[in-house]
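Written below as C-alpha cells is the structure these notes are about.
Below, chains carry the letters A, B, ... as their sequence lines are ordered, and counting in each starts from 1. Just so it is clear, the model here is predicted, and its values are computed rather than measured.
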There are 2 protein chains.
Amino acid sequence: MTLSVIGDRWSLLILRDLFRGVRRFEELRKDLGIAKNILSDRLNKLHQAGIVEQQPYQVKPIRNEYFLTHKGRDLSPSLIALMHWGDRWYADGDPPTILTHSLCDTALEQITHCPTCNEHVNTDQISSRPGRRHHLSKSA
Amino acid sequence: MTLSVIGDRWSLLILRDLFRGVRRFEELRKDLGIAKNILSDRLNKLHQAGIVEQQPYQVKPIRNEYFLTHKGRDLSPSLIALMHWGDRWYADGDPPTILTHSLCDTALEQITHCPTCNEHVNTDQISSRPGRRHHLSKSA
DNA sequence: ATAGTCGGTTGCTTTTTGCAACCAACGTGC
DNA sequence: GCACGTTGGTTGCAAAAAGCAACCGACTAT
C-alpha cells in the first residue's frame, strides 16, 4: 500500500522538495530534472492520494502551488530518516538539506524508542513479528 | 543518491522482508509477488551497494541466503517510519509487521527529537534549511 | 527413474519513463 | 497594441524498466 503511493523514482524526491518549501511546478522540475509530464502525473497522483494539496494562485488558466497535507507532513519522519541515512553513507560534503526544529533551528534527530524500557533502541536490538493478519501485504 | 539505490518499486519491499527475517530467494519472490529476474537483479544491486550480504548455504550450484549488512540495518529507522505511516493512513486491521525491541518485545516508536530543546518535535514544528553546498542533489 | 523444488537466466511483451514539440494565458517592455 | 519570454501544462513518440513464460542445472524426496 504505502509503496504503491510513494514507491517510484520520483515521489519521495518531490515530497522532499515540497517539505523544503518548493511550491511551484517549474521550480520542482528544474530542481529535480524530472520530465514535465511525469511531474504533472506524480503531483496529480499525490493529490489524489491526499498527500499533496493544490492551491491555485491564478485562475485562467489554473495555476497551482503545491503544499503537503497533514498526511504528507506525516511522512516527515520517514524523510528525515532517509536523508540521514544518505548523509551517513553517501556524504560527500555538507548534506544538501537539513531539517530543523522551527523553534530553535537545531538539526533534528530520529530516534527509535521503546515505550516499555523508555530508552533509545539501536538497530541491532530490533526484532520483528508478524501482525495478526494471515496474508502478507505491502504496507511498507 | 539515496533514491538511486532504493528508489524503485521493489527495493524497499525487499529490504523490509530481509529486515523481517526472510532469507531465501523463493520466499522473497512468493511473499512479494515479484518477477524472478527483477528480484535477482535487485538483490545483486543491493549487494553491490553494500546493503545486502550474500551467504552461500550450498555450493554447486551456488545458493545464497540474504542478510542485511550494517548499512542495510541502518535503514531500519526509515523502514519503521514508513511502516508506521502506512499503518496510520492505510490501516485496515492489524499491521502486517510489527517491529519490536528484542529485549522486551514491545512495539517500537519513532520519535523526532531536538537535541537542543531535548524534547519531542511534532511535524508542524519542522523547518528546513539548505546545507552549504550550492547545487541541489538527490541525497534523499 | 521420476517428479518436484530452488535459484536462477534468457527472450519477448507490456508498462513506465524520458524527451521534444506544442499550446494557451499571463507579464514585461516599448 | 504587439512582440517576447515565462509558467504550467498536454500530446506523441522513443527508450528504458518491469512482467511473464519458458527453460536449465543441481539437489531432494519417492
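Of the charged side-chain nitrogens involved, at least one lies within less than 4.0 Å of a carboxylate oxygen, so that B/Arg29 and B/Glu26 count as a salt-bridged pair. At a threshold of 4.0 Å, the pair A/Arg88-B/Asp74 counts as salt-bridged, since one of the basic side-chain nitrogens sits closer than that to a carboxylate oxygen.
The nearest whole Å value for the distance from the CD atom in A/Glu27 to the C1' atom in D/dG9 is 16 Å. Rounded to an integer number of Å, the gap from B/Leu13 CG to D/dA18 C1' is 14 Å. The nearest whole Å value for the distance from the NZ atom in B/Lys36 to the C1' atom in D/dG19 is 14 Å. Spacing between atom CD1 of A/Ile14 and atom P of D/dG8 amounts to 14 Å, rounded to whole angstrom units. At whole-Å resolution of the value, CG in B/Asn64 and C1' in C/dT9 are 15 Å apart. Straight-line distance from the CD1 atom of A/Ile34 to the C1' atom of D/dG9: 13 Å, rounded to whole Å. The separation between A/Gln54 atom CD and D/dG9 atom C1' is 12 Å, rounded to whole Å. One atom, CG of A/Asp41, and another, C1' of C/dG18, lie 13 Å apart when rounded to the nearest Å.
Counting heavy atoms from C-beta on, the side chains of B/Ile126 and A/Ile80 come closer than 4.5 Å. Looking at heavy atoms from C-beta onward, B/Lys45 lies in side-chain contact with B/Asp41 at the 4.5 angstrom threshold. Residues A/Gln125 and A/Thr112 are not in side-chain contact: their nearest non-hydrogen atoms beyond the backbone lie 4.5 Å or more apart.
Listed pair B/Tyr57 / C/dC6 fails the phosphate criterion, with no side-chain N or O lying under 4.0 Å from OP1 or OP2. OP1 or OP2 of D/dG8 sits under 4.0 Å from a side-chain N or O of A/Arg24. Considering only side-chain N and O atoms, A/Arg42 lies under 4.0 angstrom from the phosphate OP1 or OP2 of C/dT17. Distances shown here put a side-chain N or O of B/Trp10 below 4.0 Å from the OP1 or OP2 atom of D/dG19. Contact annotation: A/Arg29 does not reach the phosphate of D/dT7 (side-chain N/O to OP1 or OP2, under 4.0 Å).
Listed nucleotides: D/dG19, C/dG8, C/dG18. Nearest to the side chain of B/Ser40: C/dG8. Of the listed nucleotides (C/dT9, D/dG9, D/dT7), D/dT7 has the atom at the smallest distance from the side chain of A/Glu26.
Summary of the strand contacts: B/Ile38 and B/Arg63 both lie near DNA chain D, and taking for each the nucleotide with the nearest heavy atom, the more 5' one is attributed to B/Ile38. Residue whose closest nucleotide on DNA chain C sits further toward the 5' end, between B/Lys30 and A/Ala35: B/Lys30.
In the interface, the side chain of A/Asn37 is paired with the base of D/dG12 through a donor and an acceptor atom under 3.5 Å apart.
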